[in-house]
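Contents: one structure, followed by commentary.
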Amino acid sequence: MTTPIEILNNPFLNKGTGFTMEERKELGVAGLLPPRVQTLEEQEAATYAQYQSKPSDLEKRLFLMEIFNTNHTLFYYMFSQHVVEFMPIVYDPVIADTIENYSDLFVDPQNAVYLSIDNPEGMEEALKNAANGRDIKLIVVTDAEGILGIGDWGVNGVDIAVGKLMVYTAAAGVNPADVLPVVLDNGTNNKELLENPNYLGNRHERVRGEKYDKFVDDFVQAAEKTFPNLYLHWEDFARQNGAKILNKYKNDITTFNDDIQGTGIITLAAALGAMNITGEKLSDQTYLSFGAGSAGCGIAARIFDEMLQEGLSEDEAKSHIYLFDKQGVLFDDMDDLTPEQKPFARKRSEFENADQLTDLLTAVQTIKPSIMVGTSTVPGAFTKEIVQEMASHVERPIIFPLSNPTKLVEATAKDLLEWTDGKALVANGIPVDPIEYKGVTYNIGQANNALVYPGLGLGTIASTATVLNDEMISAAAHSLGGLVDASQPGAAVLPPVSQLTKFSEDVAIAVAQSAVDQGITKEKISDVKEAIEALKWEPKY
Ligand SMILES: NC(=O)c1ccc[n+]([C@@H]2O[C@H](COP(=O)([O-])OP(=O)(O)OC[C@H]3O[C@@H](n4cnc5c(N)ncnc54)[C@H](O)[C@@H]3O)[C@@H](O)[C@H]2O)c1
Ligand SMILES: O=C(O)C[C@H](O)C(=O)O
Ligand SMILES: [Mn+2]
């Protein structure tokens with residue numbers, strides 16, 4: 001029997017002043033609350049007013065976390081009323097601030113699971129105890145070695161898993177009772193953390209090699225055994241681990257890497273949105289990725305796959321794609337390429353000036369890209385000179401500076417529009433308000449995987465798909481098309497975040513239908529919309 005105090009202290013059950021008098025008598029909380037009964041709407045209005053009074057974005061986020069920690073329904077109802085305003089606060093970019101300061105700001109574990117490489121035998125018990133009898137359908141797991149573009153944040157990185165799951169619920173209605181945030185604490189190489197007396201994680205450098213691989217595998221086995229209906233979302237692993245882990249498990253369990261696959265989908269959708277505006281074909285484009293890590297290669301792979309679907313051969317498609325990383329343009333004679341970079345590495349013999357292709361300006365002058373995507377973590381890398389060089393070769397340069405958080409973006413949308421006299425088609429990873437330029441209002445798409453991973457997850461879970469495959473991913477990318485009126489001056493390349501809940505549903509339906517059409521579902525699903533509606537959760541008493 002749950003005691004009155006336990007009810008008030010359980011954010012899944014607590015309604016606070018939202019409990020009716022009858023509920024208060026029945027649950028024994030009558031004298032444990034102020035006498036006034038409030039509706040959810042009244043609670044939201046009062047709480048939102050408190051939120052607005054907070055002096056900074058960080059204070060606003062900390063306040064919202066207090067609401068989340070005490071009353072999930074109120075938190076998500078308030079989120080549903082202020083999606084556009086709350087996304088940059090709950091999620092990117094303000095989440096970066098709370099991650100950097102997590103150990104110093106710590107007040108509540110927020111139902112997260114902290115698995116330690118120093119105590120692998122405790123995994124299954126921790127997962128079971130955190131689930132507390134719930135049938136967990138979605139885990140977001142990170143080892144926090146590649147948080148956004150800010151790098152290694154050790155156990156502090158658990159907050160990215162917490163924040164990503166909040167967006168799953170706010171955007172797609174994934175039930176907060178069905179989810180679990182998990183951090184794999186493998187130590188940290190972040191000196192600032194190791195020297196911080198408040199740091200709450202394992203105080204040693206990251207473990208590499210077999211012991212780490214076994215730690216990850218032990219986690220996968222424990223999670224899959226404990227939660228038989230699990231969709232496992234990998235987030236913010238370092239470049240050398242993300243793809244290796246995904247490739248190891250993606251054909252055997254229902255799993256997804258957001259930085260690789262989620263970003264690939266949303267950036268392809270943005271590129272297709274740009275094609276809608278210019279009327280061109282993707283397979284006629286010249287694509288340059290500045291930064292070829294998890295995200296950069298994930299996007300390139302998605303662009304490549306789409307060019308094949310448009311009828312190009314593999315060699316023809318590869319001839320349109322160029323990767324640029326720390327070495328400059330990537331060539332197949334380099335001995336330090338990652339497995340994900342290799343398929344797109346070029347031949348030096350293609351260029352007279354191959355050895356000069358080590359700076360972005362020379363690369364743009366030589367390659368003449370029509371699409372340039374930044375996933376480099378190098379702020380300001382897309383300079384005015386480089387952008388105007390690109391614009392001198394193409395009518396509508398498509399430029400997506402995607403590095404997060406805001407301080408790392410390769411170029412701002414405002415600069416790109418001014419430098420190209422309004423011709424650039426722009427998307428950023430962070431949210432950007434509409435920009436007025438020469439009498440036109442430019443809407444800037446947010447090419448952030450948060451616009452697609454929630455619907456992708458909801459659709460995959462609702463379909464009971466045994467795996468998440470390329471067909472389902474392609475269906476997700478295409479489901480975002482047609483939502484923007486491309487004929488309008490200043491049209492965005494992606495639908496606005498104000499429509500996030502609407503198009504998350506579109507993504508979910510497309511993904512679930514793809515799984516059903518392929519016959520890869522555990523259960524027989526006769527109506528995907530029904531299956532999705534049955535799974536969705538709404539914040540109401
Ligand atoms: N918008 C989105 O949805 C989204 C999704 C994923 C990642 N990102 C952002 O993209 C960035 C990279 O993320 P990731 O997960 O791919 O990290 P990563 O470490 O896997 O990749 C970064 C790549 O940039 C390269 N790089 C670093 N400095 C460079 C330089 N001076 N010149 C050229 N290349 C350079 C690195 O060598 C690496 O290959 C981060 O800022 C992240 O926040 C955005
Ligand atoms: O977290 C985000 O905002 C998007 C992406 O997953 C990233 O790592 O930047
Ligand atoms: Mn990420």
Side-chain angles (χ1 to χ4, degrees), residues 87-88 90-96 99 140-153 157 159-167 233-244 246 256-270 288-302 322-330 334 336-338 340-341 344 357-361 363 372-382 386 400-410 427-432 445-454 494 497:
M87 275 293 280
V90 171
Y91 179 65
D92 184 11
V94 179
I95 198 169
I99 288 169
V140 174
V141 59
T142 184
D143 74 354
E145 191 170 8
I147 293 290
L148 299 168
I150 59 175
D152 178 348
W153 284 91
D159 211 22
I160 199 70
V162 172
K164 289 271 178 175
L165 284 168
M166 289 174 176
V167 174
H233 166 146
W234 304 89
E235 189 66 48
D236 287 355
F237 283 72
R239 189 177 84 168
Q240 65 271 25
N241 293 319
K244 189 175 90 175
L246 175 66
F256 158 75
N257 179 296
D258 193 24
D259 300 298
I260 298 170
Q261 297 169 302
T263 319
I265 297 168
I266 194 62
T267 312
L268 170 59
L288 173 61
S289 179
F290 180 70
S294 298
C297 289
I299 301 166
R302 197 52 44 213
Y322 299 82
L323 301 185
F324 190 110
D325 207 89
K326 284 181 177 166
Q327 311 91 314
V329 171
L330 298 186
M334 291 175 172
D336 55 356
L337 299 179
T338 67
E340 292 68 43
Q341 292 171 340
F344 301 108
L357 296 177
T358 52
D359 71 277
L360 189 55
L361 178 60
M372 181 162 71
V373 175
T375 53
S376 68
T377 76
V378 180
F382 294 173
I386 288 170
F400 300 158
L402 302 186
S403 284
N404 293 317
T406 312
K407 63 186 177 185
L408 296 183
V409 76
E410 287 86 357
N428 280 125
I430 35 123
V432 177
Q446 186 178 359
N448 188 295
N449 46 38
L451 273 70
V452 72
Y453 76 71
L494 283 169
V497 171

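Remember, it's 1-based here, ligands and their atoms both numbered in the order they're listed.
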(message) Just verifying a value: how many Å separate Glu410 CD and Asn428 CG, rounded to the nearest 0.5 Å?
(response) 9.0 Å

(message) Less than 3.5 Å apart, any donor N or O on the side chain of Glu235 or Thr142 sitting next to an acceptor on the other?
(response) no

(request) Find out whether Phe400 and Ile299 are in side-chain contact, i.e. whether some heavy atom of one side chain is under 4.5 Å from a heavy atom of the other. (result) no

(request) Report yes if the side chains of Ser289 and Thr375 come closer than 4.5 Å at any heavy-atom pair, otherwise no. (result) yes

(request) Using heavy atoms and a cut-off under 4.0 Å, could you grab the residues that are in contact with ligand 1, chain by chain, numbers ascending? (result) Leu148, Gly149, Arg239, Asp259, Thr263, Phe290, Gly291, Ala292, Gly293, Ser294, Ala295, Asp325, Lys326, Thr375, Ser376, Thr377, Val378, Leu402, Ser403, Asn404, Gly429, Ala447, Asn448, Asn449

(request) Determine which of the N, O or S atoms in Asp236 is closest to the Mn ion (ligand 3) and give its atom name. (result) OD1

(request) Could you check if a side-chain atom of Asp325 sits within less than 4.5 angstrom of a side-chain atom of Arg239, using non-hydrogen atoms only? (result) yes

(request) Flag the pair Pro379 / Ser403 as yes when at least one side-chain heavy-atom distance between them is below 4.5 Å, and no otherwise. (result) no

(request) To 10°, measure the OE2(Glu235)-the Mn ion (ligand 3)-OD1(Asp259) angle for me. (result) 100°

(request) Report yes if the side chains of Leu360 and Phe324 come closer than 4.5 Å at any heavy-atom pair, otherwise no. (result) yes

(message) At a threshold of 2.8 Å, where the distance has to be below it, does the Mn ion (ligand 3) have an N, O or S atom of Asp258 nearby?
(response) no

(request) Measure from the side-chain N and O atoms of Gln341 to the backbone N and O of Ala292, and report whether any donor-acceptor pair falls under 3.5 Å. (result) yes

(request) Please check if the side chain of Asp143 supplies one atom and the backbone of Glu145 the other of a donor-acceptor pair under 3.5 Å. (result) yes

(message) With a 4.5 Å cut-off on side-chain heavy atoms, are Phe256 and Asp258 touching?
(response) yes

(request) Considering only NZ, NE, NH1 and NH2 on the basic side and carboxylate oxygens on the acidic side, decide whether Asp236 and Lys164 come within less than 4.0 Å. (result) no

Which protein N or O atoms sit under 3.5 Å from any N or O of ligand 2? Give atom names and distances.
unit_1, atom_1, unit_2, atom_2, d
ligand 2, 1 (O), Tyr91, OH, 3.4
ligand 2, 1 (O), Lys164, NZ, 3.2
ligand 2, 3 (O), Tyr91, OH, 3.2
ligand 2, 3 (O), Asp92, OD2, 2.7
ligand 2, 3 (O), Asn404, ND2, 3.4
ligand 2, 3 (O), Asn448, ND2, 2.9
ligand 2, 6 (O), Lys164, NZ, 2.9
ligand 2, 6 (O), Glu235, OE2, 2.9
ligand 2, 6 (O), Asp259, OD1, 3.1
ligand 2, 6 (O), Asn449, ND2, 3.0
ligand 2, 8 (O), Asp236, OD1, 3.1
ligand 2, 8 (O), Asp259, OD1, 3.0
ligand 2, 9 (O), Asn404, ND2, 2.9

